[in-house]
Amino acid sequence: MSMKQLGFLLNIALRISIAVLLCHLSIASTLAQGSIRADIFEQLEKAQAAQNSGDIQQTFKILDALKARSGKKALRNYELIQLNNFYAYAWLAKENYSAALNSFSALLKQKDVPAAMRQQVQFTMAQLYLATDQPQQTIKLLKQWLNTQQKPSPDAYVLMAQAQLQLTQLSAALQSMTQAFKAAKQQGREEKENWYAILQYIYNEQKDFARQEQALEVLVDRWPKAQWWLALGGAYAQQEKEQQQLYAMDAAYQQGLFDRGDYIVSMSQLLSSYGAPYYAAKALQQGLDQDLVVASFKNLQRLADYYQRAQEVDKAISAFQQAIALAPDGELSLRLAYVYMQRYEYANAVKYIRRAIELGGLRNTTQANLLLGEALFHDRQYDAAVTQFQAVQQTTRNFTDKDGKLISAKQKRYFQQASSWAGHAKNEQQRQIEMARWVKENS
């Protein structure tokens, strides 16, 4: 799993935890922790109702009005604590984490903040610092928070590991994850998917592929997803366990977990690399038929290659033809021409060699022109073949300098081949004429 993929997973987990925080704000619990005047309590209750209904604008309007109170109506210390708390959660609802952090910071600056509230705010701020790319602040706050807890939640250690990973502190992150699993076991808490995701990522970065394999085996057992099967296959590959890697990919494929085109393409490439081009083609073809794999030039080219290697020539030709329609140059047309040459279908070979030369971008245009002459010859188009070989001779005749010194062995070879073929074509053409005359005279 890449850091980008891990970051996406952790961001999802963080968003879920922040969403859960929004459920924790309850006006009913505020009086239990301090003294709030009845009219202010009523306004806070209306602010929460507006937020719960999704009317955040009304929430801020009520809170701003409370903040503007002055004189005898001005908010007292505990009322200011609750006001900042409500502001923070309103900003959370708008996903403005920086503004929420400012409100929580203002809350903590008030006198006599209840210990339970202080600890909750610190933990929430630690999550928000991570969400705003401030992992150092996350670690700092979490260390303060952990010092106040007798039985810290395993989620706190996981959060610490996430922050440490952002700072590439792999050993520290591993230690934090070890603490998380230990705390979960002691508290009878259920382990979570993202814990093992983080754990296997750390092992991968440390190149401890044996332990990464163990973590991934738990993931595919409890949360069987294509991404974990692919990662497990990668861990096997790093340990040169090629057979296990193939089994892992096949297991995911057979379970129908590969519901994304990139997964299916990876699967087909793996099968091909292990000498199973027929199954590679079958997997890729199924993905194309189900519209999971994009029928792009590269994917169709892969399909043609797999079929060709699997000796499924008719299917290979069909895939070649589809890919050629999207080809940026003539290379694939030339490959298909070779297939037709091997099948003695010289007219089709001529067609695709000409198409290849027309599209251009060939690695060796001279060789393609020479091949066109051969295809024309075998298709008994002798005049065209002679003309083609003479054209190759013309473009390759300058293989020596003015003093007769060889300057291009390759051009000399092509010139000699074209000359030989041209002579052969003329002789064959003459032989065919003489044979036709003999048949006419003796019929």
Side-chain angles (χ1 to χ4, degrees), residues 1 6-26 28-29 32-33 85 88-89 92 100 104 108 113-131 135-167 169-206 208 211-225 228:
M1 175 184 286
L6 180 70
F8 174 77
L9 182 65
L10 300 185
N11 185 50
I12 292 295
L14 190 59
R15 283 180 176 273
I16 291 172
S17 64
I18 290 172
V20 171
L21 289 173
L22 293 172
C23 301
H24 289 169
L25 182 62
S26 173
S29 64
Q33 299 186 49
N85 197 37
Y89 278 91
L92 276 180
F104 279 131
L108 293 178
V113 178
M117 177 179 281
R118 178 177 294 277
Q119 292 170 20
Q120 178 60 51
V121 167
Q122 285 179 328
F123 189 75
T124 302
M125 289 178 71
Q127 296 177 73
L128 294 176
Y129 277 129
L130 190 62
Q136 296 94 336
Q137 290 296 101
T138 296
I139 293 170
K140 179 181 177 181
L141 263 183
L142 277 178
K143 285 181 177 179
Q144 295 175 9
W145 183 86
L146 286 168
N147 287 333
T148 66
Q149 305 297 306
Q150 291 184 345
K151 292 183 178 180
S153 163
D155 293 318
Y157 291 111
V158 174
L159 186 62
M160 179 77 83
Q162 291 175 247
Q164 290 161 335
L165 275 181
Q166 285 197 12
L167 298 172
Q169 298 175 0
L170 297 176
S171 296
L174 180 57
Q175 185 177 355
S176 295
M177 289 307 303
T178 301
Q179 286 292 104
F181 282 102
K182 182 179 178 181
K185 184 176 181 180
Q186 291 173 344
Q187 298 170 27
R189 295 275 298 276
E190 187 176 351
E191 298 165 346
K192 298 179 182 178
E193 179 183 5
N194 71 306
W195 298 4
Y196 282 97
I198 295 170
L199 190 62
Q200 69 85 25
Y201 175 81
I202 295 171
Y203 286 137
N204 178 270
E205 290 296 295
Q206 292 181 330
D208 189 346
R211 285 194 171 88
Q212 183 193 15
E213 174 190 328
Q214 293 173 2
L216 284 165
E217 285 176 345
V218 175
L219 281 165
V220 298
D221 180 55
R222 299 187 189 178
W223 302 277
K225 295 178 181 176
W228 305 136

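These numbers come from the heavy atoms of this one structure, side chains and all, not from hydrogens, waters or symmetry mates. Just so we're clear, the structure is a prediction, and the values are computed from it rather than from any experiment.
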**Student:** Check whether any side-chain heavy atom of F123 lies under 4.5 Å from a side-chain heavy atom of L159, and answer yes or no.
**Tutor:** yes
**Student:** Search all heavy atoms of P135 against all heavy atoms of L167 and return the closest pair with its distance.
**Tutor:** CG-CD2, 3.7 Å
**Student:** For E191, give me all partners under salt bridge (charged side-chain N to carboxylate O under 4.0 Å, His left out), at least two apart in sequence or on another chain.
**Tutor:**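 With neighbours one apart ignored, the set is R222.
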**Student:** What's the separation between atom CG in L170 and atom CG in L174, rounded to the nearest 0.5 Å?
**Tutor:**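 Output value for this atom pair is 8.5 Å.
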**Student:** About how many Å separate CD of Q136 and CD1 of I139, when rounded to the nearest 0.5 Å?
**Tutor:** 7.0 Å
**Student:** Are side-chain N/O atoms of Q120 and T124 paired as donor and acceptor at under 3.5 Å?
**Tutor:**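 Note: Q120 and T124 side chains meet the donor-acceptor criterion.
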**Student:** Which is it for Y203 and L216 under the side chain to side chain contact (heavy atoms under 4.5 Å, CB included) test, yes or no, and what are the steps along the way?
**Tutor:** CA-CA 10 Å; Y203 286 137; L216 284 165; over 6 Å; no
**Student:** Mark yes when over 12 heavy atoms from residues, nucleotides or ligands other than R211 sit less than 6.0 Å from its CZ; otherwise mark no.
**Tutor:**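 Not buried by this count: 12 neighbours or fewer within 6.0 Å.
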**Student:** What is the minimum heavy-atom distance between S153 and Q187, and which atoms define it?
**Tutor:** CA-OE1, 4.3 Å
**Student:** With side-chain contact (heavy atoms from CB on, under 4.5 Å) as the test, pick out the partner of P154 among K185, K182, R189, M177.
**Tutor:**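 Testing P154 for a side-chain contact (heavy atoms from CB on, under 4.5 Å) against K185, K182, R189, M177 leaves exactly one candidate, R189.
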**Student:** Could you measure the distance from the OG1 atom of T148 to the CD atom of Q122? Nearest 0.5 Å is fine.
**Tutor:**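 One gets 6.5 Å once the value is rounded to the nearest 0.5 Å.
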**Student:** Quick check: closest heavy atoms across P152 and W145, and the distance to 0.1 Å?
**Tutor:** CB-CZ3, 4.1 Å
**Student:** Do W228 and Q200 get their side chains close enough for a donor-acceptor pair, meaning under 3.5 Å?
**Tutor:**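 No pair is found: no donor N or O on one side chain lies under 3.5 Å from an acceptor on the other.
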**Student:** In Å and rounded to the nearest 0.5 Å, what is the OH to CD distance from Y129 to Q137?
**Tutor:**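 One finds 5.0 Å between OH of Y129 and CD of Q137.
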**Student:** Looking at A180 and W195, what are the two nearest heavy atoms and their distance?
**Tutor:** O-CZ3, 4.4 Å
**Student:** So Q214 and V218, do their side chains get closer than 4.5 Å, heavy atoms only?
**Tutor:**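 Side-chain contact under 4.5 Å: no.
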**Student:** Going by atom types alone, do Q149 and Q119 pair a side-chain donor with an acceptor below 3.5 Å?
**Tutor:** yes
**Student:** Measure the shortest side-chain to side-chain distance between F104 and L128 over non-hydrogen atoms and say whether it is less than 4.5 angstrom.
**Tutor:** yes
**Student:** Once you round to the nearest 0.5 Å, how far does CG of L165 lie from CE of M160?
**Tutor:** 12.5 Å
**Student:** Under 6.0 Å from the CD atom of Q169, do we count more than 12 heavy atoms belonging to anything else shown?
**Tutor:** yes
**Student:** Under a 4.5 Å cut-off applied to non-hydrogen side-chain atoms, are M125 and L108 in contact?
**Tutor:** yes
**Student:** Can you confirm if the aromatic rings of F181 and Y196 lie within a centre distance of less than 6.0 Å?
**Tutor:**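 Judged by ring-centre distance (under 6.0 Å), Y196 and F181 do meet the cut-off.
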**Student:** Begin from the C-alpha positions of L199 and Q212 and carry the test side chain to side chain contact (heavy atoms under 4.5 Å, CB included) through to its verdict.
**Tutor:** CA-CA 8 Å; L199 190 62; Q212 183 193 15; over 6 Å; no
**Student:** Between the side chain of N147 and the main-chain N/O of K143, is any donor-acceptor distance below 3.5 Å?
**Tutor:** yes
**Student:** Between the side chain of T138 and the main-chain N/O of L130, is any donor-acceptor distance below 3.5 Å?
**Tutor:** yes
**Student:** Any chance you could measure Q162, atom CD, to D155, atom CG, to the nearest 0.5 Å?
**Tutor:**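 Here the rounded value is 9.5 Å.
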**Student:** Quick one: closest heavy-atom pair of L141 and A126, and the distance?
**Tutor:**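 Heavy atoms only, the tightest pair is CD1-N, 3.9 Å.
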**Student:** What are the two closest heavy atoms between E193 and L219, and how far apart are they?
**Tutor:**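 Heavy-atom minimum between the residues: O-CD2, 3.6 Å.
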